[in-house]
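Each ligand, and each atom within it, is numbered from 1 in the order the structure gives. Bear in mind that the values here come from a model prediction, so they are computed numbers and not experimental data.
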Amino acid sequence: MPLDLSPHDLLRWYLDAGVDEAIGEVPVDRFAVSTKPAPPPRPVAAAAPPPAQPVRLSHDGGAAARSPHDGGTAAHVAGQCRDLAQLRQAMEAFDALPLKRTAMSTVFADGNADADIMCIGEAPGQEEDRQGLPFIGKSGKLLDRMLASIGLDRTSVYISNVVPWRPVDNRKPTADEVAVCLPFITRHIELVDPKLLILFGGAAASALLGRSEGINRLRGRWFEYSSPGLPRPVAVMPTFHPAYLLRTPAAKREAWRDLLAVRKHIDGHS
Ligand code: URA
């Protein structure tokens, strides 16, 4: 039976299947091309980490270099906020992003702001937009079960998203939208000052780690996240997004491994 898929659906299907890096359609003879000058290095990817060593990353909290559109507004606004209440207010007042105008709510956070663990997802869905809380729809239910499997719940973690406004039709936020919102989540992390970050999905992982690899390459590895407003680097574990796991149950095995690594890390630091 022929499949009636739009290019967008097809791309989404590839992403779900783990195809998140572009390669050529025909094989390349690397011996033949090896005498050519090397292409310039890719801008965001840092060198691959040595095994078992966490990768250190630092974040300047400014999306100005990434986002030509907001003129640094979000970075300026977020930088002025001294506590979570001010940050929430600033985000609710921010309107330099069209997404904000179509969303019903600014989905700020849920859980315990004093917790040592901060979970960060991509962007709110319909239910989250309606209720103003992150991860309360279907993927949120799975997130709760994932957390419960390692003895955590919303009293022991704090939950937010890279993009606080719902993209219409639940589409993935664009790179520009993520870049505009980045100073908010960066400041959010600084104000919460967690000891451990769990990043759910490729959007959160690449935005906050500043890496170009897809989630298949990033998940299950320890990174370190730094920014000027944090007293020390924070351990980071990227893993699959619960929405992806709902569509791809076979990947739960890897997610489970990542969560066990998180549990082990917590036990080793308590
Ligand atoms: N997906 C996310 O990434 N965040 C939410 O809050 C809900 C679904």
*Asks:* Looking at V77, is its backbone amide N or carbonyl O close enough to the side chain of Q80 to form a donor-acceptor pair, meaning the two atoms are under 3.5 Å apart?
*Replies:* no
*Asks:* Could you list the donor-acceptor pairs under 3.5 angstrom formed between side-chain atoms of residues 142-150 and any protein atom two or more places apart in sequence or on another chain?
*Replies:*
residue	atom	partner	partner atom	Å
D144	OD1	R154	NE	2.9
D144	OD1	R154	NH2	3.2
S149	OG	M146	O	2.6

*Asks:* Assess whether a salt bridge exists between R232 and D193, defined as any Lys/Arg side-chain N lying under 4.0 Å from an Asp/Glu carboxylate O.
*Replies:* yes
*Asks:* Under a 4.0 Å threshold between the charged nitrogen and the carboxylate oxygen, would E122 count as salt-bridged to K172?
*Replies:*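 Between E122 and K172 there is a salt bridge, with a charged N closer than 4.0 Å to a carboxylate O.
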*Asks:* Between F184 and F94, what is the ring plane arrangement, given parallel below 30°, perpendicular above 60°, and tilted in between?
*Replies:*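 Aromatic pair F184/F94 classed perpendicular.
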*Asks:* Between the side chains of E127 and K141, is the shortest nitrogen-to-carboxylate-oxygen separation below 4.0 Å, so that they form an ion pair?
*Replies:* no
*Asks:* Please tabulate, one line per pair, the protein nitrogen or oxygen atoms found under 3.5 angstrom from a nitrogen or oxygen of ligand 1, with distances to 0.1 Å, or say none if there are no such pairs.
*Replies:*
residue	atom	partner	partner atom	Å
ligand 1	1 (N)	A123	O	3.3
ligand 1	1 (N)	H241	NE2	3.3
ligand 1	3 (O)	E122	N	2.7
ligand 1	3 (O)	A123	N	3.3
ligand 1	3 (O)	A123	O	3.4
ligand 1	3 (O)	N161	OD1	3.4
ligand 1	3 (O)	H241	NE2	2.7
ligand 1	4 (N)	A123	O	3.1
ligand 1	4 (N)	N161	OD1	2.8
ligand 1	4 (N)	N161	ND2	3.4
ligand 1	6 (O)	F135	N	2.8
ligand 1	6 (O)	N161	ND2	2.9

